[in-house]
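Right, one structure below, let's go through it.
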Amino acid sequence: MIVTLMILMPAVVGILCLLPVGTKNMFRTAVTGSLISTAVAVYCCIPPLRGETIDTVIWYVDELSAFFLMITAVISMLAVLYSKDYLLVEREEHRLSSKELRSFYFTLLLFIAAMLLTFAVKSAALTWIGIGITTLISAFLVGLYKDEHATEAAWKYIMLCSVGITLALFGIAMLYTASSGVIPGDASLEWPSLVANAANLNPVFMKFAAVFFIIGLGTKAGLAPMHYWLPDAHSQAPSPVSGLMSGVLLNCAMYGIMRFYIISEVVNPGFAKTLLLVFGLLSILVATAFILVSKDIKRMLAYSSVENMGLISIALGIGTPLALFGALFLVLAHSISKPLMFFCSGNMTQAYGTRAMSEIRGVTGKMRFTGLSTTAGALAVAGAPPFPLFTGELILLFAAINSGMYVLAGVLIILLAIIFAGLTRSIFPMLSGNTNKKVSERRSVTRKISILALVIGALFVGLFMPASVENVLLDMVTILSGGLP
Amino acid sequence: MDIFNLTLQNEALTVIFFAAVFIPALAGTILSLMFRYNKVANLIAGLCITSCAVGIAAYPLRALGVPLSYTFPLSSAVGDYALAIDQISSVMISLSSVIFMLIVVHVVKSSSDSGCRYSGLLNVLFIASFLCMAADSVLVLLISWEMITLSTFLLAKKGNNDRARWMFFVIAHIGGLMLMCAYGYLAWVAGTQTLSDWNGLGAIVGSTTSMILVLMIVMGFGTKLGLLPFHAWMPGLYGTAPTHTAALLSTVCSNVAVLTIFKSIYSYIGVTESMSVIAFAIIGLAAATALWGAMESLVQKEPKKILAYSSVENMALVILCLALGMIYINESPVFAKLILIAGLLHTLNHSVFKSLMLMTIDTVEDCTGEKNIGRMGGLAKTLPLLAVVSIIGVFSMAAIPPTNGFVSEWLMIQSIMGVNLQSKGMSLLIPLVLAAVGICGMMMAASYARLYGFIFLGRPRSDGMREPRPMKNGTLLPMAVLAILCVGMGFFATVIMDVLTTGVVSVTGIAPSPSYRSVMSEEMLPLILGVLIVITSVAVLLVVRPGKEREVRTWGCGEDLGKEMQYSSIGFSQPLVRVFHPFYGDTTVVRETKEGSKKTVHTEFTEPFVRYLYMPLGNAITAISEKISKTQTNRIQTYFGYVLITLIAVLLAVRIL
Amino acid sequence: MESILTSNLIDIFAVCMLLASVLAMATTRMHPLIRLFLIQSIFQAAFEFTVAYSQDEPHIYIMAVMTFVIKVLVIPKMLYYIMDRIKVTDKLVLSVGVPGSMLLSAALIMLSYFVSEPLVATLATAERNTLVLSFSIMLISISMMATRRKAVSEVVGLLMAENGLFLGAIALSNGMPFIVELGAFFDVLMAVIIVGIFAFRINKSFDSVDDTLLRRMREE
Amino acid sequence: MNYLEIALMILQFAALILISPLITGIIRKIKARMQNKVGASIFQPYRDLHKLLKKESVVSENASFFFRLVPYISMTAMILLAAMTPFVYGGVIAPYSDVIAMVYIFTMFRFAMIVGGLEGGSAFGGMGSSREVMMSVLIEPALLISIMTLSAMTGVGFNITDISGSINAAGAAAISPALLLAGAAFVITMVAENTRVPFDNPDTHLELTMVHEGMLIEYSGRGLAMMETASMLRLTIFMTLLGTVFFPWGTAMTLSIADLALSVAVIIVKLLVIAFGIALLESIIAKMRVFRMPNMLTASFALSLMAMISLYVL
């Protein structure tokens, strides 16, 4: 019951925003609405995180989904908070009419509701439908600006993701045929029952299901050869949306792959792992190349999301408990660092009016707060010490070495070093130097709060790991390695 | 000692000690984030000085038997934050804190670049280096090592030297990643995260893997110490960064690196008989780096770059000692102990005289505004006190007897020569190493003579030199302390050697019974030699008292000496460049002067490594990424094609494999 | 009421659907493409009807009716409407050429036979080739999307892939649980509506639906 | 250490310092004789020094405090070395005469002169120092390795007196390829270090030839006197080292009068022979071009290296 409330709350707030009320209190409703829905989501996630899974006809929330739900709720709340002032500026510069503003909030909150739905549902098909809906809704968000770039990006986004989703649907069909003989009736596509008797599913069908599922959802998660929609979509969408998309939307697809990974590892162990390893390495290689070449800050951040998704899939591919712990930690780290960097780049692009990194100079001089937070963001994204991505990469390297994959560790070192070089080479010159553009920091509390919250959150996750959080992660590792909690 | 309850006492003392070290520095960092104006900057620097002062107490506390080991309640994702200061690291921590404190005092006094941001980052650097030396868990070691890199990167910001800083950051990060792998593997083999329980892991792992691990650890730390392939960032960073950052980098960070390499090789991995192959490799590399550093430092155009290469050379000698120790430890442990003491003593001496020299260079730059050594000269007449302090520094760098530089060089040569190795192949090594040390020693002495001669002596070559601004009062204090320390450590070297012996014995586990003194030529020699030099010079002074003097313009064979009549700094090292020509990447450049009529000929020295290794590597990577980025044709059809091809490829692979 | 008649009918309808998609690969104009999609949907409805009839599964009847209503009546009407509104040129630019497309589809069919070899071994004889057919329809329609330059042709390709998918699902295990199929249907419908909206936008901003113009997003 | 030994040591130390100008005089005299010139008397150096000590020193205005210190540093260094070298019996501060310290005291003297040379700010000083730098970079390692070969050969550690004592005791058996090679390298180093003919012409002040003179050009009066004595003392020390360490046979091992007398006679003969050798060398070979010097110096470096390697390998 609480789960349905959690999912419907953002939708309701979205509809409220449509009321023809002044923009001032429309913002107010949006922000307070998202605050309440996050509170409800957190309240709903606390019990599963402590172990009592919610298991009703439609909903199934165990530690894994609660972990993702929590991340989605918190990050989307910060995104809504950040977008309040971001859109005010957009309206002032007449890039968006107030009607579009209102429809933006409606679609944004619907998008959040769809994402919450994906994590909470019990049956694989419903997860698939949830992912389908998020794609369709976020297409509107990507195509918000209605100029040809945005439309083209949205078009590519829908078409490629729909192809991906169709393949995933075929994967689910295969999954159903594999499980229909074994599990009677409607339960045959539900994650818990699938995990329960995963042992006696038909292995050949499961192999095909794995291939289609991983390629289908891989397109959605931005794994290598199918990731080409990601940079266009993330660079054309407004910054809060691109922060939300790369921070949380990619997690939906990764969540789907993880759920399927649990089952497929029981049926034919090692099959999904090799696939994920191959796609992971390919994504990091491609991301390295593009990070070095790209000139636009948001495209570079999108490629670094591709790289992070590659890291997570490699961690899944290694499969040892330490690697799975690393994968989950990387998901958490990425969901915090990437939105932080997107919000900071949002500040910069709005102030300087351009996304080309070569034209943005002297940020710390002119905009002190953004300068400081961008330094933190850049270090977080590049994987420098106090921030969580460094610890995540550390765990991944430890796991790779412990499971004897020295060649993988060697390749990872080289690629991570090049990516580190590429990112720092482009971002840090933007901070130093001086510019003759009239640029000033926006006097907005909400913007500062959201960025500050992310910086503090990143530092906390990076340095400390209280025991309670550690137990949750360990429980999830047991789920991921096939054991029912 | 046992009059009061020792255990309770120690526990409280440890907590108080660590709190007293960390709290002022943390307060300084937080303050620096909030405020921007200068009054607060001095307060922040003051906080940093207090935490350094407390840091100095590490060795005395450790000597009194207080077990400085503590685990923070909060744990991190990869293990908990544990600190433990053992015997050898307490020595390193105390001395590095002394050096750190003096440098920060100089920063405050010279206030050449001491904004809030700068002193805040100094606090961060101190915490990071203290943590790294006192690390007891793998995570603390790796995170604090990377934090040192990060804070140095941010500290090095001056004007737009982004390119040099970026190169440093990337190379140091590559080193960091290598260390991650090495220590990750060791953590897995040892099963525990706490470093103090690691000993003799080499035996479990087998000789070839332990050799690879040693190589990775040495190269990992070598990126920051400046071992051969990784040294190219140093001249760039030292030249453009604020001098105090360079001073901290070459003293505190190098101490941290040497300490951790020493502990890793000798106690975590443990040296076995079959590791001599890697020892040979490291010796070869260290000798080559030392020669390279010496040669390049002779032709640099900026004093800070000369000192950068001198750091490369000195650190290479230290690594040479550590590697030689790996060979001697099985042949004759007593000499292994001697060479390890020599290596560690040289690290301490190096941090003393290098920080002294870098401070003088900063004061020179501050007072005269000149950066290029070719336009300096004649400063000794106008700033005599500075000249006195820096001549002591130059003497100790050039290993002239009464000073500490001489002692560590003397110990090094003794330990290289003393041992008589059984196997023929190994003993062939000794003459070559001795030749390398000899040549480096003299070449560095030449480059220091050039450094001192062309800054302080001769006629001023630019108007900044003719009337330099007076030194800010108080900047001389830290330099004077360091100069006294240089000569003091030269005289009372044996005291420091005994302190280091206990540390070396505790880490390497060599039997303390035949003390290193038995093998040394004459353990009191540094002191006696110093005293003798003083007595003889006083005697000579009395016998030949300075007579009447008449000051006259330097004789210029008839007409007065023109500006160009004086020797130039590149001209000074030109004979040596001709002797060692194949190693220098020198190109002669003909440049039009402003009036266009006169042409001037310059010799440009580019670092051959940058030209033949870094540039091609960088271009290759960008070329490959250029090719890969061509795959993004931006037409949606090709993207569908990619999805289709991946699907077919995977299905075929599944079907065939 | 399983009988030889129904199993033959099932095979015939499946083959006809494959034929429709192969012909779609051959057309060079938009209207016949949509008409072929319509034919394929009819065959698919018929196929579902026969399966429902032979398996006595009530929900497959509803599936057949819904397929007929949506995919035969509603979607083509919408596509035609879109085509008229944005006055797009009927000519379809093929990047591979008709003979090339035919060879490509033949290769894809052979490939799907080769690839689903292990899968087919475990199945009863009846569904064996329907699975392979659905496989090849999907691969052909994706390759159609990859080789046609028109935005609307991509939509048709996507819809044909859906048809192939449903063919496979129903053939293998008498269709998925009902709510799943319902969800899938709505998803397809939503996709077409949104694609329609964006087609208008593309038309407005590019004043043509030719994808070659969609190349401004180059990486410099 | 009874009083006789101490008295003898001080006497020997004083004698070494006092006779150094005499030896330079003798060398000049022999060289003049060979070039059938009469040449100044052998006591001429004493008179020169006496004259210089009384003269007023003219100092350039650019010279800093270090300029006045250099003569004292060099004198201290050389006196210390004189105290260390075994002359008739053994070094004055025998237990502390460490070989490595001696090499570094040589470097101290050379370093002070190089920096002193740059003081005046004139081209001569700069050129002298830069050439001295080139030479010393190649000499110092050769010196270090050749002496180290001896200490490794005898294996008695690093005390110079013990080394010469053990070679002396070994007698004829000590003559090994290592000793001969090290001796040859030491001879070349001696000639190069003291800037004798093949490397630099000590008699003239011609700009082209001068290395050693270039650095002394700014000095006058007492400073010059001290620098001259220091370089003369250096030459004598080198010669005594050659005599008593490389070919030590005959130096006194015990304090008996007979041994002492014999060792005094032997040392005088040795010094004269070496002086004659140097003078002969100077009048046969012409001065080498500056950039041909490195080949000769690397030859000496190679010789010393081979000496040490032969010690280990054979």
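Here is how names work: the chains are called A, B, and so on, in the same order as the sequence lines, proteins then strands, and each is numbered from 1.
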Find the one option among [options] whose heavy-atom pairs under 4.5 Å with chain B are most numerous.
options: Arg425(A), Met226(A), Met159(A); value: Arg425(A)
options: Leu379(A), Ile413(A), Thr391(A); value: Ile413(A)
options: Val461(A), Leu292(A), Val469(A), Thr424(A); value: Thr424(A)

Is chain B contacted by the side chain of [X], its backbone, both, or neither, given a heavy-atom distance below 4.5 Å?
X: Leu394(A); answer: both
X: Ile291(A); answer: neither
X: Phe329(A); answer: side chain
X: Ile214(A); answer: neither
X: Ile215(A); answer: side chain
X: Ile395(A); answer: side chain
X: Leu397(A); answer: side chain

Report yes if the side chains of [X] and [Y] come closer than 4.5 Å at any heavy-atom pair, otherwise no.
X: Leu167(A); Y: Val643(B); value: yes
X: Ser625(B); Y: Ile418(A); value: no
X: Tyr406(A); Y: Thr209(B); value: no
X: Gln632(B); Y: Val293(A); value: no
X: Pro225(A); Y: Ile645(B); value: no

I need the minimum non-hydrogen distance between [X] and [Y], along with the two atoms involved.
X: Gly184(B); Y: Asn402(A); result: O-OD1, 3.9 Å
X: Ile628(B); Y: Phe290(A); result: O-CZ, 3.9 Å
X: Leu154(B); Y: Thr375(A); result: CD2-CG2, 4.3 Å
X: Met180(B); Y: Phe398(A); result: O-CE1, 3.4 Å

Quick check for you: among Thr149(B), Thr631(B), Ile621(B), which has the greatest number of heavy-atom pairs under 4.5 Å with chain A?
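It is Thr631(B).
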Option that, when pairs with chain A are counted at under 4.5 Å, heavy atom only, ranks first among Leu33(B), Thr622(B), Val189(B), Thr638(B)
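Looking at each of Leu33(B), Thr622(B), Val189(B), Thr638(B) in turn, Leu33(B) comes out on top.
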Give the C-alpha distance, both sets of side-chain angles, the deciding distance and a yes or no for side chain to side chain contact (heavy atoms under 4.5 Å, CB included) between Thr364(A) and Lys157(B).
CA-CA 12 Å; Thr364(A) 29; Lys157(B) 180 165 181 233; 4.2 Å; yes
Roughly how far, to the nearest 0.5 Å, is [atom2] of [Y] from [atom1] of [X]?
X: Ile636(B); Y: Tyr157(A); atom1: CD1; atom2: OH; value: 13.0 Å
X: Trp188(B); Y: Leu322(A); atom1: CH2; atom2: CG; value: 11.5 Å
X: Ile624(B); Y: Leu285(A); atom1: CD1; atom2: CG; value: 9.0 Å

Contact listing (chain A partner; residues 162-176 of chain B; heavy atom under 4.5 Å):
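Listed by number, the contacting residues are Asp162(B), Trp166(B), Phe169(B), Val170(B), His173(B), Ile174(B).
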What residues of residues 137-147 of chain B make heavy-atom contacts with chain A at a cutoff under 4.5 angstrom?
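Under the 4.5 Å heavy-atom cut-off, Val138(B), Leu139(B), Leu142(B), Ile143(B), Glu146(B), Met147(B) qualify.
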Under the side chain to side chain donor-acceptor pair (under 3.5 Å) test, which residues partner Ser264(B), sequence neighbours left out?
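If we apply the side chain to side chain donor-acceptor pair (under 3.5 Å) test to Ser264(B), skipping adjacent residues, the hits are Tyr183(B).
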Just distance, no hydrogens or angles: give the donor-acceptor pairs under 3.5 Å from side chains in residues 203-210 of chain A, sequence neighbours left out.
none

Check the pair Phe279(A), Val650(B) against side chain to side chain contact (heavy atoms under 4.5 Å, CB included), reporting the backbone distance first and the verdict last.
CA-CA 11 Å; Phe279(A) 279 121; Val650(B) 170; 4.1 Å; yes
